[in-house]
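The structure appears below as structure tokens.
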Amino acid sequence: MKAMEREYEKEFAMTTGKNELEIIEIELLLEGVYRLYGYDFRNYALPSLKRRIWHHVHSENVPSISALQEKVLHDRACFERLIYSLSIPVTEMFRDPGLFLTFRQKVIPLLRTYPYIRIWHAGCSTGEEVYSMAILLHEEGLYDKARIYATDMNNRSLQQAKEGVYEISKMKQYTKNYLEAGGTRAFSEYYSAKYNSVILQPYLRKNIIFAEHNLATDTSFNEFNVIFCRNVMIYFNDELRDNVHGLFNESLSRFGVLVLGSKESIHFTKYSDSYEALDRVEKIYRKVN
């Protein structure tokens, strides 16, 4: 019995040692990326970050996280691949159609009262959500007095967003989402097909400003009537999440609207008293003080 206990303690110690080494390697990698390139992942939630780092270790065909660090610090191209891997874009047009339908019903009437509308899509990825908003505003007759700021830390994703080119195979799902979100036209009016891709109509881009912005390190750059940040902060730890909520609170005008992802909430943050819920299910909040 004692022999079994000693064997268990030995195995536990080895496992603990491996876990501690892994954490040290991750911390050193993230510190190096921050100090050399200025990208700060140090306050991202560890479990999802660890999975993505190991995925990238295997894709770069290196034996360890430490080996990945050496390659990243000496090879700019490897660093750029790592950034893309750590910020994998997961999005689609009119994703969660119920949210966009509720936005039409509860937020659009508020926006009609403004002489000018500024909307910030933070963490816009490859732009599908941004163009969804442009279409919605166009159909509601508000696009001409709106300016949409679409930001992301991933320059590769931003480039695709600027081009507005997407796979034609996705249009069936996007059309379904659009109709469920209250779309009033044929969705095909908003794009032209070419080979295996579609390109969105140029007029949808005319009032969109795409720019690089890192929520972990960059500051407020304007005052907004609406901020969308959906399914981004689920990858942050509590400290970074609170910092980003502070950034949004500073950036929203009074009675401005904050839209979060389905697994996110303003509750349990120090800014919860600054908002009232316009729709608790769809995570739409209005700043009241």
Side-chain angles (χ1 to χ4, degrees), residues 39 52 55-56 58-60 76-101 103-104 119-144 146-214 226 228-232 235 259 261-262:
Y39 283 75
R52 293 186 180 191
H55 174 78
H56 199 68
H58 299 315
S59 68
E60 291 289 338
R76 175 82 189 195
C78 180
F79 157 72
E80 291 176 353
R81 292 192 296 271
L82 174 65
I83 292 300
Y84 190 75
S85 181
L86 294 182
S87 56
I88 297 172
V90 180
T91 185
E92 60 187 34
M93 295 196 74
F94 293 96
R95 184 184 186 189
D96 301 324
L99 165 67
F100 285 93
L101 182 61
F103 191 90
R104 283 185 189 265
I119 299 176
W120 179 16
H121 286 262
C124 71
S125 187
T126 47
E128 286 91 333
E129 182 182 84
V130 179
Y131 289 113
S132 301
M133 178 58 66
I135 290 171
L136 191 156
L137 293 174
H138 173 73
E139 292 186 351
E140 297 295 336
L142 297 177
Y143 192 48
D144 286 342
R147 184 76 75 226
I148 301 176
Y149 296 80
T151 66
D152 201 275
M153 70 171 183
N154 190 322
N155 195 50
R156 182 173 165 186
S157 294
L158 277 177
Q159 187 57 44
Q160 182 178 348
K162 291 176 184 178
E163 294 170 355
V165 177
Y166 302 103
E167 296 174 21
I168 198 168
S169 60
K170 297 180 178 180
M171 291 305 109
K172 182 178 180 180
Q173 181 62 50
Y174 290 0
T175 299
K176 181 176 182 292
N177 290 352
Y178 164 75
L179 293 174
E180 291 179 1
T184 59
R185 303 185 181 186
F187 186 61
S188 58
E189 293 181 14
Y190 294 112
Y191 63 83
S192 299
K194 186 174 183 181
Y195 303 113
N196 294 322
S197 300
V198 303
I199 182 167
L200 297 179
Q201 299 295 355
Y203 66 82
L204 294 174
R205 292 193 292 276
K206 69 175 184 177
N207 289 343
I208 302 175
I209 298 172
F210 292 100
E212 194 169 338
H213 184 279
N214 191 328
V226 178
F228 264 68
C229 186
R230 304 177 63 229
N231 307 309
V232 175
Y235 301 111
V259 183
S262 59

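Fair warning: this is a prediction, and the values are worked out from it, not measured in the lab.
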When you compare the side chain of [Y] with that of [X], does any pair of heavy atoms fall below 4.5 Å?
{"X": "C124", "Y": "T151", "value": "no"}
{"X": "Y190", "Y": "Y131", "value": "no"}
{"X": "F187", "Y": "L179", "value": "no"}

When rounded to the nearest 0.5 angstrom, what distance separates [atom1] in [X] from [atom2] in [Y]?
{"X": "T184", "Y": "L136", "atom1": "OG1", "atom2": "CG", "answer": "9.0 Å"}
{"X": "E92", "Y": "N177", "atom1": "CD", "atom2": "CG", "answer": "5.0 Å"}
{"X": "N155", "Y": "E212", "atom1": "CG", "atom2": "CD", "answer": "5.0 Å"}
{"X": "E129", "Y": "R230", "atom1": "CD", "atom2": "CZ", "answer": "5.0 Å"}
{"X": "H55", "Y": "E60", "atom1": "NE2", "atom2": "CD", "answer": "10.0 Å"}

Indicate the atoms forming the closest heavy-atom contact of [X] with [Y], along with that distance.
{"X": "I83", "Y": "N154", "answer": "O-ND2, 3.9 Å"}
{"X": "I208", "Y": "A150", "answer": "CG2-CB, 4.2 Å"}
{"X": "M93", "Y": "I135", "answer": "CE-CD1, 3.8 Å"}
{"X": "S85", "Y": "H56", "answer": "CB-ND1, 3.5 Å"}
{"X": "M153", "Y": "N214", "answer": "SD-ND2, 4.0 Å"}
{"X": "L86", "Y": "R52", "answer": "O-NH1, 2.8 Å"}

Return all side-chain donor-acceptor pairs below 3.5 angstrom for residues 191-207, not counting sequence neighbours, or 'none' if the list is empty.
unit_1 : atom_1 : unit_2 : atom_2 : d
Q201   : NE2    : E189   : O      : 3.4
R205   : NH1    : L200   : O      : 3.3
K206   : NZ     : D144   : OD1    : 3.1
N207   : OD1    : R147   : NH1    : 3.1
N207   : ND2    : Y143   : O      : 2.8
N207   : ND2    : A146   : O      : 3.4

Pairs flagged by salt bridge (charged side-chain N to carboxylate O under 4.0 Å, His left out) wherever residues 172-181 is involved - sequence neighbours left out: K176-E180
If we ignore hydrogens and angles and just use 3.5 Å, is the side chain of [X] paired with the main-chain N or O of [Y] as donor and acceptor?
{"X": "D96", "Y": "L99", "value": "no"}
{"X": "Y178", "Y": "R185", "value": "yes"}
{"X": "D152", "Y": "S125", "value": "yes"}
{"X": "Y174", "Y": "R95", "value": "no"}

side-chain contact (heavy atoms from CB on, under 4.5 Å) partners of A181, counting only residues at least two apart: F94, P97, F100
Donor-acceptor pairs are to be reported for all side-chain atoms of residues 160-168 against protein atoms at under 3.5 Å, with residues two or more places apart or in another chain.
unit_1 : atom_1 : unit_2 : atom_2 : d
E163   : OE2    : Q159   : NE2    : 3.4
Y166   : OH     : T126   : O      : 2.6
E167   : OE1    : S169   : OG     : 3.4

Ring centre gap for F103 and F228 strictly below 6.0 Å: yes
Set of salt bridge (Lys or Arg N to Asp or Glu O under 4.0 Å) partners for R156, sequence neighbours left out: none
Residues in salt bridge (Lys or Arg N to Asp or Glu O under 4.0 Å) contact with E139, at least two apart in sequence or another chain: R104
